[in-house]
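Each remark here refers to the structure printed beneath this line.
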Amino acid sequence: MKEWFVDYIRRYWRRFIVILIVSLLAVLCGAALMYTSGYLISKAALRPENVLMIYVPIVAVRTFGIGRAVIQYIARLISHDATLRILSEMRIQLYKRLEPRALLIRSKVRTGNILGLLSDDIEHLQDVYLRTIFPSIVALSVYFIVIFSIGWFSLSFALIMAIYLFVLIILFPIISLWMTKKKSQKINRQRNHLYQNLTDAVLGVTDMMISGRSHEFIHQHEKEENEITKVTSTLHSMSRLREFMSQGIIGLIVVSMIVWSSGMVNTHQIPGTLIAAFVLVVFTLSEIFIPVSESIEKISQYQTSLKRLVETSHFETEESKNELDHIMNPDKVTIRLDHVYFRYDNESEWTIHDLNLSIKQGEKIALIGRSGAGKSSLIKLIYGALKPEKGLLTLNGIPATHFGEKMSDFVSVLNQTPYLFDTTIRNNIRLGDQLASEDEIKRAAKRAKLDEYIDSLPLGYQSVVDEMGENFSGGQRQRLALARVLLQNTSIVLMDEPTVGLDPSTEKDLLDTMFEAMKGKTLIWVTHHLVGADKMDKVIFIEDGKIEMQGHHRELMSKNERYRRLYQLDVPYQL
Amino acid sequence: MNRELMSYKGIKLILALISVITMIQSICIVFQAKWLSDIISSLFAGHSLSSVSHQIIYFAMAFTARYALSLLIKRRAYRFAQKTGTRLREQMMAKLFQLGPAFVRREGTGNLVTLVLEGISQVKTFIELILPRMSSMGITPVVILAVVFIENRTSGVILLVTMPILIVFMILLGLAAQKKMDLQWSAYQTLSNHFVDSLRGIETLKFLGLSKKHGTSIKRVSEKYRTMTMGTLRLAFLSSFALDFFTMLSVATVAVMLGLQLINGEIFLNSALMILILAPEYFLPVRELGADYHATLNGKEAAEAIQSIIDVPIEQKKKNLFSLSKWDENSELTLNKVSVFREEEGKMSLNCINLSVKGFKKVGIIGESGAGKSTLIDILSGFMTPSEGEIKLSENEHSLTSLTHEAWRKHITYIPQTPYIFSQSVLDNVRFYKPNASVAEVEKALEQAGLAELVEGFPDGIKEQIGNGGRMMSGGQEQRIALARAFLCQRPIILLDEPTAHLDIETEYELKETMMSLFNHKLVFFATHRLHWMKQMDYIIVLNQGKIIEEGTLDNLLNKKGEFHKLIQSQLEGLE
């Protein structure tokens, strides 16, 4: 709450005050227009000898008329500007919050689109200012101004008005917030449930069709929607009723105003010209006071967003601050694992169990094993994103977790699903080395064997990745990621199943390109089957976090029955 | 006004009803103004409060009636919106499950779910707002203007002239803003997507060592986004500025004119006051419409998107033209010159496929990605209608255009690369095709699929929640859930689309044994690029670029040393 809200108010209070003053001026101009108009025609009805007698009100009426429009325009602009400023700061804040734990978010949060949701939440929060805070404070200020101005004439009537308006801008909003809160929470819960079920049904659309259960599903969905509709209908009729009652209060104010001002005129406390002026002002003010309830009601909608953002603070943990201070040779790196143990929490089994391994510069290693055997965890340990619970994992003698940001100078990673950013092919490749020249980018594309394809595109390197959608196949995406990694030019490359899901010939081509481009580099390649294993210096078979067997492909083929059997299964030998 | 809106059932009736109520409401507005101005001018003339007590009561009644009617209008519009929304949703969902997986893939799951949930509520908001706005826009200003003209011609002219000017300016400025938006649209999209793009790619940025630095880039882009948005807003707000400006100016002018006429004795105070009170009411409908414009815009777009899904044509089949009571040794399925065109011109996913199967057989479909394996499976599963060609099915005298029929789907099991696991218990997931299966039956299926031990180990056993939000399962285990479903139903035809492509070799090997026991005495279509499965197939089809380039039994194809042999060789190539 504090960091996502109060802090911003504290930082932006000057702007906020300006916004409030300008918005208030706009309202007052509108009121003043009706006030002076009423005064003007009443005065004119007295038939003064000379037009000059009403010259001042005439000018005032025009000024207020134009002023109101101009000031309103300015108020809208500056309030949007301020919220956009806040939006951009909130984005940076959220990003900084997530960045240190970037590599672990996926395992931490299971709901797929949490990142997209958080980004939406921030956009929701900007509405707090535009739709709730500013209008409410303006209404409150007008409230005090009205009470004080009436108090000038009559204390007792000011008190009556204070009570009427109190009902409008304090009592009604509080009551409706209190009454709607539970209901809108219930709606939110039910909608989330619907959302999950519907996503389930759409993702499982084939099962829905084949099982013939789609009618049943639609029926069930409609039943739940109906329940929601029932609740929203009560909310709607409540808000309709509230608005009707608010208008009723405005009507009451008008009548009271008539009664009071006629009394004041009779006792000669105010001139008769002010009756019309006072009464007309009431109507303009109703436009400010009535929407307050609705603004306040929105608070319950922001709460979900705020809650989710506050929860991101769980992501924040101690990050290894001790950045690398030794100067080490980045071209020659030896990785050493010394009795490494790792598990995700204290109760579970060891994910990595007493692992010993030494990988010299330029060695090519294949890590093979079932899913869940600990291969990916091992990759994260080597990258320094995870910390061994026991044992030592070092690069040239320095613990991997000490590298921090610098790790990307030594180690690059090719994932199962490389993320391509919504920008041009050139910019996507350039991410590997932001200082790379045009030539270097093209060379990297060539080494990834993507140059011909890129040249065949109408826009070449300027093509935007996202717009190409389906035309960019899985293999080509991997090649683009490969070009990026080649530009990054580190001495160690970690590959986490980059060819999964590709068909055999695409896979083989891609692997050939990868192996060729990575001559001289240390390569640690996690894979789930054995195609290409013969090209590696060593094949390590991991099971339950332990090394089950290791050695060169040839060696394993001749000595190890299990390996031989798997290899034969994987490669269509027997056919 | 738009096309979708006018096509909704009952729209004319509700519009007529609302218009009538709005008419009465407009009359209330006029009388409310009349009595109020009478009261004020009497008091101004020095009459006592008690002499106007009748008018005060009349005023209060007109005032109350006006807002009571507005409550009524809102309620009507709300109910109509709810009813229409529900109907649209039902139609859209029914269509969704008819169009099937190919459509879902094209439109995106997220998009469709959002359209059903958010889109429908946006449409409801749109209907709910636009109905009262349309009728009050059409009726109230006209009534007020008529009254003003009767009372005072000059004021009437001022109001009459202002309205078109106001609307023209509003539209012109709105269009200018829109044009500016359109010009910068792609830049605008990129800027506004930049943040969510950054969040999604945060892992990659970290690996590239750019994640820290990227914070400044977010700042820079956000600032750019702000300046750009403000540039557009400056123009966009001008349109509501024009609205405000002309309204206020017109009211001010009317007030001044009335003042001058009063001095000259050309008008009485009560008429002048009445006109002054009515002037803002005259502009109120336009201002409300302007204020709600953006809220209605989303709804309008959603309405179009929803309608376009509902309107996707689907071949209407007469029920009696398709029948399939059972599939046995004598049943026969024949594909005759079946082709599927892709949306892009000239490309074919399937090109003139001829295929005939009889009884129970295991058919392997092999080929590289893009060869048309999945399309062929989609046709055979009844998810897709071929663009050309005919299908013959025993029991059916006439040839068919497609298998997209429930009678066919009732006999098949479909297992994709990653079977979908619903967010339900193991029990409900396994008996998804057969919801009334007993626990004992499900347990037996789990046993056959090799999951019994795993499920017994769960804290909640067979009631354990799996799927999204529940216990995570490995790819092999998910595949076994799908197999358990198949074991439970024992449907005679099984279609598999690359069921093991993403699994590690040992898991695949273990699954193979389970699968082979399932395939017994069934018609199986098995699409894969893993060649070792072909050993167990009775018949093999080799696809290349949408065509069958070779077919036959394994021995046949091996002896022939043709395309199939080439495929094997290419996979062996480069290996020792």
I'd like to know if the side chain of [X] reaches the main chain of [Y], judged simply by a donor and an acceptor atom lying under 3.5 Å from each other, with no hydrogens or angles considered.
X: B:E368; Y: A:T506; value: no
X: B:R226; Y: A:L84; value: no
X: B:Y420; Y: A:D207; value: no
X: A:D200; Y: B:S423; value: yes
X: A:Y95; Y: B:S211; value: yes

> Is A:E89 salt-bridged to B:K219, going by a charged N under 4.0 Å from an acidic O?
Replying inline: no
> Does A:R562 pair with B:E506 as a salt bridge, N-O distance under 4.0 Å?
Replying inline: yes
Contact summary for [X] and [Y], nearest pair of heavy atoms:
X: B:D504; Y: A:G369; value: CB-O, 4.1 Å
X: B:L117; Y: A:R191; value: O-NH2, 3.4 Å
X: A:R240; Y: B:K74; value: CD-CB, 3.6 Å
X: B:G209; Y: A:S408; value: CA-OG, 2.9 Å

> Have B:Y78 and A:S233 got a donor and an acceptor in their side chains that come within less than 3.5 Å?
Replying inline: yes
>> If only side-chain N and O atoms count, and only distance matters, is there a donor-acceptor pair under 3.5 Å linking A:Y419 with B:D197?
In response: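 Short answer, yes.
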>> Could you walk me through whether A:I210 and B:I412 satisfy the side chain to side chain contact (heavy atoms under 4.5 Å, CB included) test, starting with their C-alpha distance in whole Å, then the side-chain angles of each, then the deciding distance to 0.1 Å, before giving a yes or no?
In response: CA-CA 7 Å; A:I210 292 174; B:I412 67 165; 4.1 Å; yes
> Does the separation of the ring centres of B:H194 and A:F421 fall below 6.0 angstrom?
Replying inline: no
> Passes side chain to side chain contact (heavy atoms under 4.5 Å, CB included), A:V255 versus B:F59? Steps please.
Replying inline: CA-CA 9 Å; A:V255 173; B:F59 162 75; 4.1 Å; yes
>> In the structure I gave you, are the side-chain heavy atoms of A:Y73 and B:F245 within less than 4.5 Å of one another anywhere?
In response: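 The answer is no; the side chains never approach within 4.5 Å.
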>> Is there a side-chain contact between B:E90 and A:H221 in this structure, where contact means two heavy atoms from C-beta onward sitting under 4.5 Å apart?
In response: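 In short, these two side chains do not touch, never coming nearer than 4.5 Å.
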> Step by step, would you call A:V265 with B:L43 a side chain to side chain contact (heavy atoms under 4.5 Å, CB included)?
Replying inline: CA-CA 9 Å; A:V265 171; B:L43 290 176; over 6 Å; no
>> Between B:T86 and A:E225, is the side chain to side chain contact (heavy atoms under 4.5 Å, CB included) condition met? List the steps.
In response: CA-CA 8 Å; B:T86 306; A:E225 284 269 10; over 6 Å; no
>> Nearest 0.5 angstrom please: B:L210 CG to A:L431 CG, how far?
In response: 6.0 Å
>> Can you tell me which portion of A:H80 sits under 4.5 Å from chain B's heavy atoms? Options are side chain, backbone, both or neither.
In response: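 Both the backbone and the side chain of A:H80 come within 4.5 Å of chain B.
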> Given a strict heavy-atom distance threshold of 4.5 Å, which part of A:L77 is in contact with chain B: side chain, backbone, both, or neither?
Replying inline: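 For A:L77, backbone and side chain are both near chain B.
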Does [X] qualify as a cation-pi partner of [Y], given the criterion of NZ or CZ under 6.0 Å from the six-membered ring centre and within 45 degrees of its axis?
X: A:R76; Y: B:F241; answer: no
X: A:R565; Y: B:Y509; answer: yes
X: A:R91; Y: B:Y225; answer: yes
X: A:R213; Y: B:F432; answer: yes

>> I'd like to check the side-chain contact (heavy atoms from CB on, under 4.5 Å) partners of B:L96; sequence neighbours left out, ordered by chain and number.
In response: A:V202, B:F103, B:L112
>> Shorter than 4.5 Å, heavy atoms on both sides: which option in B:V251, B:T247, B:L205 has the most such pairs with chain A?
In response: B:L205
